[in-house]
Amino acid sequence: MRRPWARIVRAALTALLIASTLPPLTAGAGHAAPLEAASTPQYGGVTLFLNSRETLSADSFPRETLYSFTPTRTGVYLFHGLPGGAGGVYLTARLTDENGVPLAQTASEDVFMLSALLEGGVRYELRVTAQGRADTLIEVMADAYGHCVDRPLRLQSGSVRYLRAIVSARDTHWYSFVAPRDGWYVIRTESAGDNALDTRGVLLDRSWREIAQNDDILFPGDGNFRLCQRLIGGETYFIRVSAGSNQTGSYRLVVAAPDAGETLPVRLTLSDTQIALQSGETRALAAVIRPEGALTDVAWASEKPAIARVDENGAVTGLSAGRTVIHAFAGLLEVVCEVNVAPVPLTGLAFEEETLTLPQGEARSLSPVFTPENASDTRLIYSSADERVAVVDQSGRVTGVSPGETRIIARSASGFTAEAAVTVTEALPVYRALVLGELNYESGRTRLGGLNTAEGVFDMLSRQSVNGRRYEVSLQMDSTRDSLLTVIDETFSSARDRDVSLFYINCHGDYDDTAWIELHDGTRVTATQLEQLLRRIPGKVVVIVDCCRSGAFLGDEEAADRFTGAVCDAFRGGPNSAFASDKYLVLTSAGVDQDSYRRSFGSSTDEESMATIMARSLCEGAGWDLIGDRVCTLKADADRDRTVTWQEIFQYTHRRVLYYLEGTGVTQSVRVWPEGDQTPMFGRE
């Protein structure tokens with residue numbers, strides 16, 4: 001998923017003029033007219049979180065309350081004041097950044113809404129002045145379809161069964177629908193999939209005033225909500241669905257409407273009021289509703305779903321020995337059925353894998369196999385025959401301690417055992433990466449596409465898996481010399497001799513007697529200085545320099561007189577060179593006398609379509625479409641082994657950069673040192 005930095009700069013770059021896309025000319029900046037200065041709040045501050053709800057109680061006299069909000073992600077957010085009771089309160093809201101600079105303000109009766117583009121990790125302040133006697137609900141929402149009250153998902157008019165997923169912490173969904181006729185409606189959620197959510201529902205009228213709310217249909221056994229409410233035909237209503245804590249998962253929203261004028265049930269009975277099951281056995285309960293023609297929606301819940309669960313159709317499945325109660329709800333009625341699940345004795349125990357190989361420091365889980373599968377008592381005690389080689393926790397997760405062999409034993413309470421032979425090998429390398437990009441320089445220059453380039457390389461590296469290990473990736477924009485030193489130390493401080501550390505930078509570069517790159521504050525870092533910074537990192541160090549004349553970082557035998565001996569000695573050749581060992585792998589975007597080009601890959605020249613040719617080629621070779629912002633095939637994987645080596649990525653980027661420049665009259669040649677190295681660099685699980 002594209003990191004959101006590009007949205008911040010898009011508005012500021014709208015005045016940029018591009019004379020040529022190879023390379024483009026970039027300039028320009030923008031600013032907003034200041035708003036009225038913020039006043040000092042009368043009361044203390046309240047911390048807001050995304051989709052949390054805070055109540056502002058107002059009396060007849062003016063009252064100002066301060067709220068603070070720090071978004072975790074950059075994006076557009078809406079600050080809503082929703083009516084919590086009777087109307088008659090006049091609201092003034094003002095949003096400022098952490099420095100007190102106003103961003104938005106409004107004034108209205110009963111409700112308010114502010115919208116602003118906010119940067120992740122930055123603290124913002126909302127000041128709300130209320131005059132009148134009412135309660136107002138303050139809520140921050142993401143400005144996205146289905147995630148805020150003024151852009152709800154519109155349901156069809158009538159009965160609905162709608163499957164949705166809550167994919168991130170504090171995610172909240174908003175719906176709207178038009179009641180087809182007067183009558184009683186049931187609005188509820190059903191569990192969907194294995195991950196049961198604790199959902200909370202709120203029903204609001206067209207003025208966003210709450211009509212009803214419910215947190216649990218049955219606490220703590222079933223976290224679905226259920227509302228039964230009489231509504232007016234032709235009116236618009238809103239539904240707010242949120243998940244408890246920071247849960248993620250799927251749910252099904254059910255709206256049961258009186259499509260043909262159905263009444264509420266006056267009697268509800270079950271086919272059984274008491275049933276006995278074996279573990280794994282399923283029996284269906286039938287609900288009988290009277291009178292005929294009444295609203296037929298039935299909701300089911302189990303008091304102890306670990307003993308027996310019930311699905312949306314009333315099918316009850318025994319899971320473990322014990323007693324629970326199944327509840328059925330229809331209209332305003334509720335009935336129950338007692339369920340007893342008998343124990344099933346264990347007759348055999350084994351591991352799914354009798355041998356396990358894992359690297360030192362890695363962990364794997366052993367999967368026990370029970371006979372029969374529905375055995376009631378599956379509690380196990382795990383132990384290791386030699387904890388100097390491997391240890392195991394009581395969930396069966398084995399961690400390699402040092403190279404060698406041992407056995408992991410599992411014992412059941414009834415005396416059955418299972419064993420697995422474990423071999424611990426030498427530790428695998430950890431892959432770390434630091435991505436640096438220069439977008440703005442203190443001198444006033446702007447490199448359009450610099451942000452998109454750096455974010456694209458970051459996204460690509462974040463999706464790699466080499467030998468089952470993912471890259472640990474850091475991104476920094478507009479680095480100064482001091483921040484460069486700090487971020488190198490922070491990113492690679494845990495590196496060991498076996499590890500691989502990748503350093504990528506996209507910036508302005510050149511040479512005058514020696515190769516150099518230019519940082520945000522105008523500081524020039526020479527090839528020798530960069531090598532000295534990276535020399536302190538243990539293990540293998542991969543350097544990718546994406547800038548003009550970057551080939552000078554490797555020297556050039558045909559033009560060696562153009563560079564000092566220090567540069568050549570630092571980056572290639574000579575018995576004292578750091579490159580005389582196998583510590584470094586270096587890839588440069590261009591030769592010593594060549595520019596490194598950016599270009600637009602879209603119909604317009606804007607930040608999100610502009611990138612360096614080298615970065616796009618590098619990302620494509622590693623399986624990431626930088627411009628399309630999506631996974632693609634590992635195009636550099638010549639032998640189709642799902643791993644891209646150093647030699648493969650060089651060969652691909654060299655060809656691809658030349659392809660992107662065909663017909664332009666310019667040349668850019670990707671350079672490498674050393675050629676032929678087979679170090680794994682990129683891959684897929």
Side-chain angles (χ1 to χ4, degrees), residues 431-437 453-454 456-458 460-461 464 466 471 473 492 500-507 509 511 515-517 525 527 530-531 533-534 537 539-556 567-568 570-573 577-579 581-598 611-624 626 634-638 643-661 667-683:
Y431 283 73
R432 299 177 180 85
L434 172 60
V435 179
L436 302 177
T453 294
V457 175
F458 176 92
M460 176 271 288
L461 290 168
Q464 300 305 315
V466 187
Y471 272 87
V473 194
F492 303 118
V500 176
S501 301
L502 187 150
F503 177 92
Y504 169 91
I505 187 166
N506 168 234
C507 60
Y511 68 84
W516 50 264
I517 53 177
V525 178
L530 179 59
E531 193 279 328
L533 292 176
L534 301 178
I537 303 172
K540 190 175 292 294
V541 177
V542 179
V543 182
I544 302 178
V545 185
D546 189 358
C547 68
C548 295
R549 316 301 199 277
S550 53
F553 277 72
L554 295 176
D556 189 281
V567 172
C568 294
F571 279 86
R572 62 175 295 180
S577 171
F579 281 4
S581 68
D582 61 354
K583 180 180 182 63
Y584 291 100
L585 301 175
V586 183
L587 194 67
T588 66
S589 62
V592 295
D593 292 322
Q594 296 173 345
D595 286 333
S596 184
Y597 293 104
R598 289 169 285 149
T612 70
I613 296 174
M614 173 64 175
R616 180 162 194 189
S617 301
L618 178 71
C619 290
E620 287 177 353
W624 179 253
L626 186 154
L634 286 169
K635 296 185 178 181
D637 183 16
T643 299
V644 175
T645 66
W646 180 250
Q647 178 66 10
E648 285 176 323
I649 199 63
F650 161 64
Q651 291 175 330
Y652 181 83
T653 54
H654 182 79
R655 294 193 308 267
R656 195 62 172 171
V657 166
L658 294 176
Y659 164 79
Y660 279 129
L661 289 172
T667 302
Q668 178 182 331
S669 301
V670 175
R671 300 293 182 89
V672 69
W673 194 95
E675 188 169 356
D677 188 274
Q678 297 302 317
T679 299
M681 291 305 306
F682 311 109

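Predicted, not measured: the structure shown is a model, and the values here were computed from it.
The main-chain N or O of Cys547 is found under 3.5 Å from a side-chain atom of Ser589 such that the two form a donor-acceptor pair. Under the 3.5 Å distance criterion, the side-chain polar atoms of Gln678 are matched with a main-chain donor or acceptor of Gly676.
Contacts of Tyr431 classified as ring-ring contact (aromatic ring centres under 6.0 Å, His included), with partners at least two apart in sequence or in another chain: Tyr471. Partners of Thr679 according to the side-chain hydrogen bond (donor to acceptor under 3.5 Å, both in side chains) rule, which considers only residues two or more places apart in sequence or in another chain, are Asp677. Qualifying side-chain contact (heavy atoms from CB on, under 4.5 Å) partners for Ala454, counting only residues two or more places apart in sequence or in other chains: Val435, Leu475, Met477. Applying the side-chain contact (heavy atoms from CB on, under 4.5 Å) test to Glu620 and every residue at least two apart in sequence or in another chain returns Arg616, Lys635, Tyr652, Arg656, Tyr660. Evaluation of the ring-ring contact (aromatic ring centres under 6.0 Å, His included) rule for Phe492 yields no partner, not counting sequence neighbours. Taking the ring-ring contact (aromatic ring centres under 6.0 Å, His included) definition, one finds that Phe503 meets it with nothing, sequence neighbours left out. By the side-chain contact (heavy atoms from CB on, under 4.5 Å) test, Ala590 is found to be paired with Ser550, Gln594, Ser596, Gln668, residues two or more places apart in sequence or in another chain being considered.
With a 4.5 Å cut-off on side-chain heavy atoms, Tyr511 and Asp593 count as touching. Taking the side chain as every heavy atom from C-beta outward, Val592 and Arg549 never approach each other to under 4.5 Å. The closest side-chain heavy-atom distance from Phe682 to Leu461 is below 4.5 Å. Looking only at side-chain heavy atoms (C-beta outward), Tyr504 and Thr453 come within less than 4.5 Å of each other. Between Val670 and Leu587, the closest side-chain pair of non-hydrogen atoms falls below 4.5 Å. When side chains are defined from C-beta on, Leu502 counts as touching Met681, because their heavy atoms get closer than 4.5 Å.
Closest approach of Leu534 to Val543, counting heavy atoms only: CD1-CG2, 3.5 Å. Contact between Cys619 and Leu626 at its shortest, heavy atoms only, is SG-CD1, 3.9 Å. Taking both residues in full, the closest heavy atoms of Val644 and Gly621 are given as CG2-O, 3.8 Å, listed atom of the first, atom of the second, then distance. Counting all heavy atoms, side chain and backbone alike, Thr643 lies closest to Asp637 at O-OD1, 3.2 Å. A pairwise comparison of heavy atoms in Gly539 and Lys583 identifies O-NZ, 3.2 Å as the closest pair. Here the shortest heavy-atom pairing between Pro680 and Val466 reads CB-CG1, 3.7 Å.
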Begin with the C-alpha distance, continue with both residues' side-chain angles, and end with the deciding distance and a verdict on side-chain contact (heavy atoms from CB on, under 4.5 Å) for Ile544 and Met614.
CA-CA 10 Å; Ile544 302 178; Met614 173 64 175; 4.3 Å; yes
side-chain contact (heavy atoms from CB on, under 4.5 Å) for Thr667 and Leu661? Distances and angles first, verdict last.
CA-CA 7 Å; Thr667 302; Leu661 289 172; 6.0 Å; no
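For the atom pair CZ of Phe553 and CD of Glu531, the computed distance is 11.5 Å after rounding to the nearest 0.5 Å. For the atom pair CZ (Phe650) and OG1 (Thr645), the distance works out to 11.5 Å, reported to the nearest 0.5 Å. For the atom pair CG (Leu618) and CD1 (Ile613), the distance works out to 13.5 Å, reported to the nearest 0.5 Å. The structure places CD1 of Ile537 at 5.0 Å from OG of Ser501, a figure rounded to the nearest 0.5 Å.
Asp546 and Thr612 share a donor-acceptor pair across their side chains, judged by distance under 3.5 Å alone.
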